[in-house]
Structures are given as structure tokens and as C-alpha cells.
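What's counted below: heavy atoms across the whole structure, side chains too, no hydrogens, waters or symmetry copies.
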Amino acid sequence: MLSVLLIDDDTDLLEMVETVLTNSSMRVETSTSGASLMKSLNQSSPDIIVMDIYLGDSDGRNLCKGLKSSKEYGHIPVILYSAGVITPESILEAGADEFIPKPFRIDELIKKIKELTSAT
């Protein structure tokens, strides 16, 4: 079963996406802050990370950049999403595997997750 770590400080969106991914036969761990990212990573060993850029306590691009430069976690695909105006350069600089603008279609997110994890 595909394991997803979902990080967003908007609890309504977090719960909605968690429900849909779970109903799509994925195991989902959630976190509402960048500060708890490492604890969540150590507990869940995700196949992919889906993260909002504008978290209350951090910028998802900085978190992604840190993950991608890590020997332990650099191999995990990261999808960033945001409703803000985001430059393609900042996504490249962060090392994210994909960026999805909000609002997004949930079927698009599921498709990207499966593509990046080679799950069918």
C-alpha cells in the first residue's frame, strides 16, 4: 500500500485530502506544521510527501530543499502545492518533483502521486 505524508496547516483541506487518498487505497499520515516534519518522517517512512508551501511555521520550499539535500530522505518524491503566486524557479530551487497550484482537482493529485511513485 502506498504511503503518503501530507502536510498542511489548513486542517479542513488536510482532512478532505486525507479522506480521498485513504479511499484511494493509500495509507496517509498527516502533519499540520513544518516543525513536526522530521518526527512524521521517522514514524511513517512515506513513499511520497505532499506539502503546502505556506505553512504557518515554515515555507514548504525550504523544507523540501532540506529534505532533498539529505542522504536519508533525498530519494522521497515531493509534491508542493499552493494558492500563492509561485515562480517555477523557486520550485526548481527547492528540488520539488512536482508543483500543483490550488485549487487543484483531487484526481490530478492522485495521478501525480501515482506517476511519481510508479504505482498503478
Side-chain angles (χ1 to χ4, degrees):
M1 179 179 285
L2 195 59
S3 174
V4 179
L5 175 56
L6 179 62
I7 306 163
D8 198 320
D9 60 343
D10 178 340
T11 55
D12 291 335
L13 181 64
L14 190 74
E15 288 176 21
M16 186 271 301
V17 174
E18 177 185 19
T19 299
V20 173
L21 295 181
T22 300
N23 289 340
S24 297
S25 301
M26 296 181 199
R27 190 176 77 237
V28 182
E29 275 297 315
T30 62
S31 179
T32 57
S33 72
S36 61
L37 174 63
M38 296 313 289
K39 181 180 177 188
S40 297
L41 276 172
N42 290 329
Q43 289 177 342
S44 67
S45 301
D47 297 308
I48 190 165
I49 299 167
V50 179
M51 179 168 37
D52 190 16
I53 286 179
Y54 295 115
L55 299 167
D57 66 346
S58 6
D59 186 309
R61 291 169 292 195
N62 294 334
L63 294 171
C64 180
K65 191 173 187 176
L67 288 171
K68 290 299 188 172
S69 66
S70 155
K71 277 186 173 183
E72 193 171 358
Y73 303 112
H75 67 284
I76 302 172
V78 176
I79 297 175
L80 294 176
Y81 62 85
S82 178
V85 177
I86 305 298
T87 64
E89 293 82 17
S90 72
I91 299 302
L92 282 173
E93 201 173 282
D97 297 275
E98 189 67 56
F99 172 74
I100 300 175
K102 284 198 300 191
F104 55 83
R105 291 174 33 139
I106 198 70
D107 59 326
E108 266 183 55
L109 178 61
I110 292 169
K111 181 181 174 192
K112 292 292 181 189
I113 289 171
K114 289 181 177 182
E115 286 173 1
L116 289 171
T117 57
S118 300
T120 53

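Partner of Y73 under the side-chain contact (heavy atoms from CB on, under 4.5 Å) criterion, out of I49, L37, N42: N42 alone. Under the side-chain contact (heavy atoms from CB on, under 4.5 Å) test applied with L80, the options D59, I7, L63, I91 reduce to a single match, I91. With M26 as the partner, the side-chain contact (heavy atoms from CB on, under 4.5 Å) test is satisfied by one option alone out of D47, L21, T117: L21.
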Stepwise side chain to side chain contact (heavy atoms under 4.5 Å, CB included) test for D10 and L14: CA-CA 6 Å; D10 178 340; L14 190 74; over 6 Å; no
Verdict with supporting geometry, E93 and T87, side chain to side chain contact (heavy atoms under 4.5 Å, CB included): CA-CA 10 Å; E93 201 173 282; T87 64; over 6 Å; no
Salt bridge (Lys or Arg N to Asp or Glu O under 4.0 Å) between K68 and D97, intermediate numbers included: CA-CA 10 Å; K68 290 299 188 172; D97 297 275; 2.8 Å; yes
Side chain to side chain contact (heavy atoms under 4.5 Å, CB included) between D8 and V17, intermediate numbers included: CA-CA 10 Å; D8 198 320; V17 174; over 6 Å; no
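Between the CZ atom of R27 and the OG atom of S45 there is a distance of 8.0 Å, given to the nearest 0.5 Å. Note that CG of L13 is 11.5 Å distant from CD of E18, once rounded to the nearest 0.5 Å. Taking CD of E98 as the reference point, atom CG of L109 lies at 10.0 Å (rounded to 0.5 Å). Rounded to the nearest 0.5 Å, atoms CE (M38) and OG (S70) are 6.0 Å apart. Here the CG-OG distance, from L5 to S44, works out to 5.0 Å after rounding to the nearest 0.5 Å. A distance of 9.5 Å separates OG in S31 from CD in Q43, rounded to the nearest 0.5 Å.
By the rule that hydrophobic residues join a cluster once side-chain heavy atoms approach within less than 4.5 Å of another member, I86 and I79 end up as members of separate clusters. There is no path of hydrophobic side-chain contacts, each under 4.5 Å, that joins I53 to I48. Hydrophobic clustering, with ILVMFWY side chains joined whenever heavy atoms are under 4.5 angstrom apart, groups L2 together with I100. Both V28 and V50 belong to a single network of hydrophobic side chains, linked directly or stepwise wherever heavy atoms of I, L, V, M, F, W or Y lie under 4.5 Å apart. Side-chain heavy atoms closer than 4.5 Å link hydrophobic residues (I, L, V, M, F, W, Y) into clusters, and following such links, even through other members, never connects L41 to L116.
Residues C64 and G95 approach most closely at SG-C, 3.9 Å, considering heavy atoms. Taking every heavy atom of both residues into account, S90 and R61 meet most closely at OG-NH1, 3.3 Å. Closest heavy-atom contact between D107 and R105: OD2-NH2, 2.6 Å.
Between the side chain of S58 and the main chain of L55, no donor-acceptor pair closer than 3.5 Å is present. In this structure, D57 contributes its side chain and G34 its backbone to a donor-acceptor pair below 3.5 Å.
Heavy atoms from other residues, nucleotides or ligands lying under 6.0 Å from NZ of K111 number 12 at most. Within 6.0 Å of NZ on K65 lie no more than 12 heavy atoms contributed by other residues, nucleotides or ligands.
Side chains of S82 and D52 form a contact here, defined as non-hydrogen atoms less than 4.5 Å apart.
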